[in-house]
Asks: 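Pasting a structure here, questions to come.
So that the names make sense, note that chain A is the first sequence line, chain B the second, and so on, each numbered from 1. Values reported hereafter were calculated over all heavy atoms of this structure, with side chains retained and with hydrogens, waters and symmetry mates removed.
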Amino acid sequence: MNRERRRALSCWYLSGPTASGKTKVGVSLAKRIGAEIISLDSMAIYRDMDIGTAKPTDDELGGVPIHLINIVDPSEEYSLAQYIKAAHEKIDEIHNRGKRVLFVGGTPLYLKGMLRGIFEGPPADKDFRQKLQDKMEGHPPELLHEMLAKIDPESAKKLHPNDIRRVVRALEVYELTGKPISSFQKQFDSGVTSEECHVYVLQWPREELYARIEKRVDKMMYEGFLDEVKRLTERKLEISTTARQALGYRELLDYLDGKMKFGQAVDLIKQNTRNFAKRQETWFRSLSECRYTPGAAPMFALEHDEPPDG
RNA sequence: GGGGGAUUUCCCGAGCGGUCAAAGGGGGCAGACUGUAAAUCUGUUGUCAACGACUUCGGAGGUUCGAAUCCUCCAUCCCCCA
């Protein structure tokens, strides 16, 4: 196990699907263990996107420091690798201050990136992707997959021909490094057990979770979510593709573009959020590090579960 | 009061005598996922002792070797003329 991974595993984590109550529980947990919070959220990194990302307010934080929110402008793209790098820097900073680190958030890919590490690969290459797209003009998507099968049969076998994004990335990595992406990805498969780390996942019965989501979306609308999105569209800078795919924002953006009625947009936000929550849960199930705790009454058994040093 | 149209599996919606447990979409459920991830992709979805059987297409009858598809009556909804 390398140094990065050891460092990541020395931190505490609180995750769970959207609307599971992570912020509230996270803040109280942070206070109990003397931690600063690092947000584990792919959208809260954006400034000016507050209501829709359910960013914690100063009031909710009650003085607990939080990091990696409001660090990029909505016009900028952002990626997994950037997050992981920034997070590791933050961990060092906080540890040097003699505090513990508690990650709080619901982006499972980022969670896995912390827990299992990521591979040092080349960033996305827009030119390459553009060229590939031009080349594919008029050809069936299976052709890409066939191309991949020739250079990296292992990845091709794992990827569905329709999974164009991943097929393209695999092709891209090969083009840029001369090595198949499958040769980089081997290390992430095995994780430590939940007893060996502090990764907590808030859990709710599905029905209750869905009801909480509905309620929360209504609350966001009441708090002025639409105005927040309007303000975003009034800026000079275009909203980046990463930022505009945030739940709620994309539906409201479509509404403002006249693509649907307001009520439809709100219903869609609820629906898409429910689907997302379900996908998050699939992730948690796949990570051996996760320890479940009931969202309604999380218990952290601090007395006989001493946190690791550092 | 008269004329016309509709009723399909959780929802929307195809089907118009056999190849129909019934296209497609939505939803549900499950899975994948490492530089777009709150994204993207995949599988599954009547029941069962399940390569076969059984029950479904508003209800009840009928025609036919055979019906979700044709006929009759009933129910509900919609439209048009009064």
Asks: Rounded to the nearest Å, what distance is computed from the CD1 atom of residue A/Ile84 to the P atom of nucleotide B/rG35?
Replies: 11 Å
Asks: Taking the minimum atom-to-atom distance to the side chain of A/Asp163, which one of B/rA37, B/rU36, B/rC41 wins?
Replies: B/rC41
Asks: For B/rG35 and A/Arg169 - does any side-chain N or O of the residue sit under 4.0 Å from the phosphate oxygens OP1/OP2?
Replies: yes
Asks: Can you check the A/Leu171 CG to B/rG35 C1' distance for me, whole Å?
Replies: 16 Å
Asks: May I ask you to verify if any side-chain N or O of A/Thr282 is less than 4.0 angstrom from the OP1 or OP2 atom of B/rA30?
Replies: no
Asks: Using heavy atoms to find the nearest nucleotide of RNA chain B for A/Tyr249 and A/Val173 separately, return the residue whose nucleotide is more 5′.
Replies: A/Val173
Asks: Check the phosphate of B/rG28 against A/Gln271, side-chain N and O only, distance under 4.0 Å to OP1 or OP2. Yes or no?
Replies: yes
Asks: On a whole-Å scale, what distance lies between the C1' atoms belonging to B/rG3 and B/rA53?
Replies: 47 Å
Asks: So which nucleotide does B/rU40 pair with, by the Watson-Crick or G-U wobble rule with both distances under 3.5 Å?
Replies: B/rA32
Asks: Nearest 0.5 angstrom please: A/Thr293 OG1 to A/Arg291 CZ, how far?
Replies: 10.0 Å
Asks: Does A/Arg206 place a side-chain N or O at less than 4.0 Å from the phosphate oxygens OP1/OP2 of B/rA30?
Replies: yes
Asks: Send over the distance from A/Asn162 CG to B/rG43 C1', rounded to a whole Å.
Replies: 12 Å
Asks: Would you mind pulling out the nucleotide paired to B/rU63, Watson-Crick or G-U wobble, both distances under 3.5 Å?
Replies: none
Asks: Just how far, in rounded Å, is C1' of B/rU36 from NZ of A/Lys126?
Replies: 10 Å
Asks: With sugar-phosphate meaning primed atoms plus P, OP1 and OP2, does A/Tyr78 contact a base, only sugar-phosphate, or nothing at under 4.0 Å between heavy atoms?
Replies: sugar-phosphate
Asks: When the C1' atoms of B/rG18 and B/rU42 are compared, how many Å lie between them, rounded to an integer?
Replies: 34 Å
Asks: Counting any heavy atom closer than 4.0 Å, what does A/Gly121 reach on the DNA or RNA strands: base, sugar-phosphate only, or nothing?
Replies: base
Asks: Under 4.0 Å, heavy atoms only, any strand: does A/Tyr46 hit a base, just the sugar-phosphate, or nothing?
Replies: nothing
Asks: Under a 3.5 Å limit for both distances, which nucleotide forms a Watson-Crick or G-U wobble pair with B/rG1, could you say?
Replies: B/rC81
Asks: Base, sugar-phosphate, or nothing for A/Thr107, non-hydrogen atoms under 4.0 angstrom?
Replies: sugar-phosphate
Asks: How many angstroms lie between atom CZ of A/Arg216 and atom OG1 of A/Thr18, to the nearest 0.5 angstrom?
Replies: 6.5 Å
Asks: I'd like to know whether the aromatic ring centres of A/Phe225 and A/Tyr249 sit less than 6.0 Å apart in this structure.
Replies: yes
Asks: Scan A/Tyr110 against the nucleic acid and name what it touches under 4.0 Å (heavy atoms): base, sugar-phosphate only, or nothing.
Replies: sugar-phosphate
Asks: How far does the C1' atom of B/rC54 sit from the matching atom of B/rU9, given to the nearest Å?
Replies: 16 Å
Asks: For a quick check, tell me whether the side chain of A/Arg244 and the base of B/rA37 share a donor-acceptor pair closer than 3.5 Å.
Replies: no
Asks: Taking the same atom, C1', in B/rU7 and in B/rC57, what whole-Å distance lies between them?
Replies: 10 Å
Asks: Taking N and O atoms by type only, does the side chain of A/Lys278 place a donor or acceptor under 3.5 Å from a partner on the base of B/rA30?
Replies: yes
Asks: Using the P atom on both, measure B/rU8 against B/rG13 and round to a whole Å.
Replies: 8 Å
Asks: Using a heavy-atom cut-off of under 4.0 Å over every strand shown, decide if A/Gly117 touches base, sugar-phosphate, or nothing.
Replies: base
Asks: Please check this pair: side chain of A/Thr107 against backbone of A/Leu109, looking for a donor-acceptor N/O pair closer than 3.5 Å.
Replies: no
Asks: If I pick the P atom on B/rC74 and the same atom on B/rG66, what distance separates them, to the nearest angstrom?
Replies: 27 Å
Asks: When the nearest nucleotide of RNA chain B is assigned to A/Gly52 and to A/Arg116 on a heavy-atom basis, which residue is associated with the more 5' position?
Replies: A/Arg116
Asks: So how far is it from A/Leu202 CG to A/Leu209 CG, rounded to the nearest 0.5 Å?
Replies: 10.0 Å
Asks: What does B/rG27 pair with, Watson-Crick or G-U, if both distances are under 3.5 Å?
Replies: B/rU45
Asks: Quantified in whole Å, what is the P atom distance between nucleotide B/rC16 and nucleotide B/rA23?
Replies: 14 Å
Asks: Of the nucleotides B/rU40, B/rG35, B/rC29, which one has an atom closest to the side chain of A/Ala124?
Replies: B/rG35
Asks: Find the partner of B/rC57: check Watson-Crick (N1-N3 plus N6-O4 or O6-N4) and G-U wobble (N1-O2, O6-N3) distances, both under 3.5 Å, and reply none if neither fits.
Replies: none
Asks: May I ask you to say what A/Asn275 touches in the nucleic acid, namely base, sugar-phosphate or nothing, with a heavy-atom cut-off under 4.0 Å?
Replies: sugar-phosphate
Asks: For B/rU69, which nucleotide in any strand shown is its Watson-Crick or wobble partner with both distances under 3.5 Å?
Replies: none
Asks: Scan A/Gln185 against the nucleic acid and name what it touches under 4.0 Å (heavy atoms): base, sugar-phosphate only, or nothing.
Replies: sugar-phosphate
Asks: Distance check, rounded to the nearest 0.5 Å: A/Ile151 atom CD1 versus A/Glu175 atom CD?
Replies: 8.5 Å
Asks: Within this structure, what is the NE2-to-C1' distance between A/His145 and B/rU42, rounded to whole angstrom?
Replies: 12 Å
Asks: Taking A/Asp73 for the side chain and A/Glu76 for the main chain, is one N or O donor matched with an acceptor at less than 3.5 Å?
Replies: no
Asks: Report yes or no: is there a donor-acceptor pair, N or O only, under 3.5 Å between the side chain of A/Glu77 and the base of B/rU36?
Replies: no
Asks: Judged by atom type as modelled, is there a donor-acceptor pair below 3.5 Å linking the side chain of A/Glu214 to the main-chain atoms of A/Ala211?
Replies: no
Asks: Taking 4.0 Å as the cut-off, does a side-chain nitrogen or oxygen of A/Arg279 come that near to OP1 or OP2 on B/rA30?
Replies: no
Asks: How far, in whole Å, is B/rA30 from B/rC73 if one measures between their P atoms?
Replies: 50 Å
Asks: Is A/Thr53 touching bases, backbone alone, or none of the nucleic acid, heavy atoms closer than 4.0 Å?
Replies: base
